[in-house]
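Scroll down for the structure; my scribbles are underneath it.
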Amino acid sequence: MGGDMQMLPGSSHRPALKRPVWIIFLVSLVSLFLACSYIYPPHGDAACYVFSSKGCKAVTDRPLPSPARELTDEEFASKVVFRDILHIPRIQPKYSKIAFMFLTPSSLPFEKLWDRFFCGHEGKFSVYVHASKEQPVHVSRYFLNREIHSDKVGWGKISMVDAERRLLAHALKDPDNQQFVLLSESCIPLHSFDYVYDYLMHANMSFVDCFFDPGPHGHGRYSKHMLPVVEKKDFRKGAQWFSIRRQHALVVMADSLYYSRFRDYCKRGFDGKNCIADEHYLPTFFHIIDPGGIANWSVTHVDWSERKWHPKSYRARDVTYELLKNITSIELSVHVTSDEKREEQVQACLWNGVRRPCYLFARKFYPETLHKLMKLHNF
């Protein structure tokens, strides 16, 4: 105890006023801050409640932003349905298949080439043929009895979209079909079946061509009659040849709202314009309902460099190893606007975030190229 008593006198040498001075200073600083806050109240939405009721009143007195327009019953119902379909968990069946859907007027000139492409991969694909003019004559067992109920198709008319939806409806009946590829009679495969299968089955999005064209062949085709469902700012353009996953195929079949606007107001001669439904319906539809779910480019190569109503067509003399090699090595998607600027919109083809060649298929090849293509392709 004596040692303890000897320590007490030493404590009297500490500065007694050091802690009170700092406390007084801190209290004064807080008081000054609160006084300023009362005189000049904050106007932040979150901060106002920390200080005076006067500040909060200032916030609540400010005019609120104008509310978005009220949706029609049809719009509201469609959005609910689309949301639920798009949020269905993506479950891959044990035997997932690609549905190859051919939109053709009659026979398919490249059946022999497709036969070689499909051979040995039974159980991984399905074939559907929409022949709009004549009953096809088949040379491949994979195409026998694969015609669906078809109807006449007119270029630039809504009947082209109807044919696409008809193909999707038949292909969706098979629950194992997980990818849906739309092809024409002039399309050819560029890679082996295994390459195409892995590319599509493991992709995290659908491949729908979609871009903004302010020119006469883009926004110039828009009709105000589409309002309020389709606004001009959302009107998009793209080639009709797509590859989409099952959820996207389902929302296309579930849609009547957007489809009806294009059926009624996107047609040649309406409003003095030449709107082509198959170039605008799906690009606009997906841009509105699921813009992050599409790649904005097609996996089917088309050469529009000639700037005509139809893309470049390949004759036998054009088909070379170098041509096919050049197409399969393209890693950039290029769109050109139809206004006076002729602006090139260039984007890298990203597959799950990784830059890869863009194209799995190509068109437009004349039937006379079959012999050369059979020689060049070794699937």
Side-chain angles (χ1 to χ4, degrees), residues 97-121 124-132 136-144 146-147 163-164 167 171 179-200 203 207 209 238-244 278 297-306 310-331 333 349 356-379:
K97 296 192 291 188
I98 300 174
F100 290 86
M101 307 180 302
F102 292 87
L103 186 56
T104 177
S106 54
S107 296
L108 291 157
F110 297 109
E111 270 196 24
K112 285 185 178 180
L113 185 64
W114 286 104
D115 184 271
R116 182 185 292 181
F117 173 79
F118 290 136
C119 187
H121 303 285
K124 289 187 175 182
F125 67 90
S126 303
V127 172
Y128 302 88
V129 179
H130 185 294
S132 60
V137 176
H138 299 296
V139 296
S140 166
R141 65 191 186 278
Y142 299 121
F143 289 82
L144 284 174
R146 299 310 300 166
E147 297 93 350
E164 296 172 8
L167 280 162
Q179 295 288 335
F180 302 77
V181 181
L182 182 68
L183 300 159
S184 76
E185 78 283 357
S186 67
C187 284
I188 65 164
L190 294 172
H191 298 274
S192 69
F193 182 90
D194 286 332
Y195 182 95
V196 171
Y197 187 87
D198 290 340
Y199 194 106
L200 295 180
F207 298 93
D209 198 28
Q240 71 181 111
W241 314 106
F242 59 73
S243 174
I244 58 178
D278 60 85
W297 45 274
S298 170
V299 287
T300 298
H301 176 265
V302 185
D303 185 352
W304 288 99
S305 61
E306 294 180 342
H310 297 284
K312 176 181 173 60
S313 296
Y314 298 102
R315 294 281 187 181
R317 63 178 178 271
D318 302 317
V319 176
T320 62
Y321 172 79
E322 288 72 23
L323 171 70
L324 298 181
K325 183 180 179 182
N326 288 340
I327 295 175
T328 56
S329 64
I330 295 173
E331 294 183 346
S333 171
C349 293
R356 288 186 65 173
C358 307
Y359 302 115
L360 305 178
F361 316 101
R363 63 186 305 265
K364 209 175 171 180
F365 289 82
Y366 276 96
E368 66 187 56
T369 62
L370 175 62
H371 183 66
K372 270 196 167 182
L373 290 168
M374 293 290 286
K375 280 188 171 182
L376 290 170
H377 273 304
N378 184 22
F379 297 128

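Predicted model, so just to flag it, every value in this text is computed and none were measured.
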(message) As a quick check of understanding, evaluate side-chain contact (heavy atoms from CB on, under 4.5 Å) for Leu360 and Val196, giving each step before the final call.
(response) CA-CA 6 Å; Leu360 305 178; Val196 171; 4.1 Å; yes
(request) I would like to know whether Cys349 and Arg356 meet side-chain contact (heavy atoms from CB on, under 4.5 Å); could you show each step before the answer? (result) CA-CA 6 Å; Cys349 293; Arg356 288 186 65 173; over 6 Å; no
(request) Please name all residues satisfying disulfide (SG to SG under 2.5 Å) with Cys187, sequence neighbours left out, ordered by chain then number. (result) none
(message) Restricting to ring-ring contact (aromatic ring centres under 6.0 Å, His included), what partner residues turn up for Phe207, sequence neighbours left out?
(response) Tyr199, Trp297
(message) Evaluate Leu183 against Phe361 for side-chain contact (heavy atoms from CB on, under 4.5 Å), listing each step before the verdict.
(response) CA-CA 9 Å; Leu183 300 159; Phe361 316 101; 3.8 Å; yes
(message) How long is the straight-line distance from SG of Cys358 back to CG of Leu190, given to the nearest 0.5 Å?
(response) 11.5 Å
(message) On a heavy-atom basis, which atom in His377 and which in Arg116 lie closest, and how many Å separate them?
(response) O-NH1, 2.8 Å
(message) Among Phe125, Tyr128, Trp114, exactly one meets ring-ring contact (aromatic ring centres under 6.0 Å, His included) together with Tyr142. Which residue is that?
(response) Phe125
(message) Using the side chain to side chain donor-acceptor pair (under 3.5 Å) criterion, which residues pair with Asp209? Sequence neighbours excluded.
(response) His335
(request) For Arg141, check salt bridge (Lys or Arg N to Asp or Glu O under 4.0 Å) against everything at least two apart and list the hits. (result) Asp115, Glu122
(message) Distance check, rounded to the nearest 0.5 Å: Arg146 atom CZ versus Ser140 atom OG?
(response) 11.5 Å
(request) Look at the side chain of His371 and the backbone N and O of Ala316, then say whether any donor-acceptor pair between them is shorter than 3.5 Å. (result) no
(message) For Asp198, give me all partners under salt bridge (Lys or Arg N to Asp or Glu O under 4.0 Å), at least two apart in sequence or on another chain.
(response) none
(message) Using every non-hydrogen atom in the two residues, find where Lys112 and Val139 come nearest and quote the distance to one decimal.
(response) CG-CG2, 3.9 Å
Donor-acceptor contacts under 3.5 Å from residues 100-110 side chains, at least two apart:
{"from": "Thr104", "atom 1": "OG1", "to": "Ser106", "atom 2": "N", "distance (Å)": "3.4"}
{"from": "Thr104", "atom 1": "OG1", "to": "Ser106", "atom 2": "O", "distance (Å)": "3.1"}
{"from": "Ser107", "atom 1": "OG", "to": "Val137", "atom 2": "N", "distance (Å)": "2.8"}

(message) Checking Asn326 now: which residues fulfil side chain to side chain contact (heavy atoms under 4.5 Å, CB included) with it, not counting sequence neighbours?
(response) none
(request) Mind checking the CD1-OG1 spacing from Ile188 to Thr369? Nearest 0.5 Å is all I need. (result) 7.0 Å
(request) Would you check, one step at a time, whether the test side-chain contact (heavy atoms from CB on, under 4.5 Å) holds for Val127 with Val129? (result) CA-CA 7 Å; Val127 172; Val129 179; 4.1 Å; yes
(message) Quick one, Tyr359 and Thr328 - any side-chain contact, counting heavy atoms below 4.5 Å?
(response) no
(message) Salt bridge check, Arg315 against Glu368: does any charged N sit closer than 4.0 Å to a carboxylate O?
(response) yes
(request) Return the minimal non-hydrogen interatomic distance between Asp318 and Ser313, and the atom names on each side. (result) OD2-O, 4.0 Å
(message) With heavy-atom distances below 4.5 Å as the criterion, would you say the side chains of Asp303 and Tyr314 are in contact?
(response) yes
(request) Could you tell me which residues satisfy side chain to side chain donor-acceptor pair (under 3.5 Å) with Glu111, sequence neighbours excluded, listed by chain and number? (result) His138
(message) Run the side chain to side chain contact (heavy atoms under 4.5 Å, CB included) test against Ser186 and tell me which residues pass, sequence neighbours left out.
(response) Ser184, Arg363, Lys364
(request) Calculate, to the nearest 0.5 Å, the distance between atoms OH and NE2 belonging to Tyr197 and His121 respectively. (result) 11.0 Å
(request) Name all residues meeting the side chain to side chain contact (heavy atoms under 4.5 Å, CB included) criterion together with Lys325; count only those two or more places apart in sequence or in a different chain, and write none if there are none. (result) Tyr321
(request) With sequence neighbours left out, write down each residue that passes side chain to side chain donor-acceptor pair (under 3.5 Å) with Glu164, or none if nothing qualifies. (result) Gln240
(request) Output the distance between atom CG (Leu324) and atom NE2 (His301), rounded to the nearest 0.5 Å. (result) 11.0 Å
(request) Please name all residues satisfying side chain to side chain contact (heavy atoms under 4.5 Å, CB included) with Lys97, sequence neighbours left out, ordered by chain then number. (result) Ser126, Asp174, Asp176, Asn177
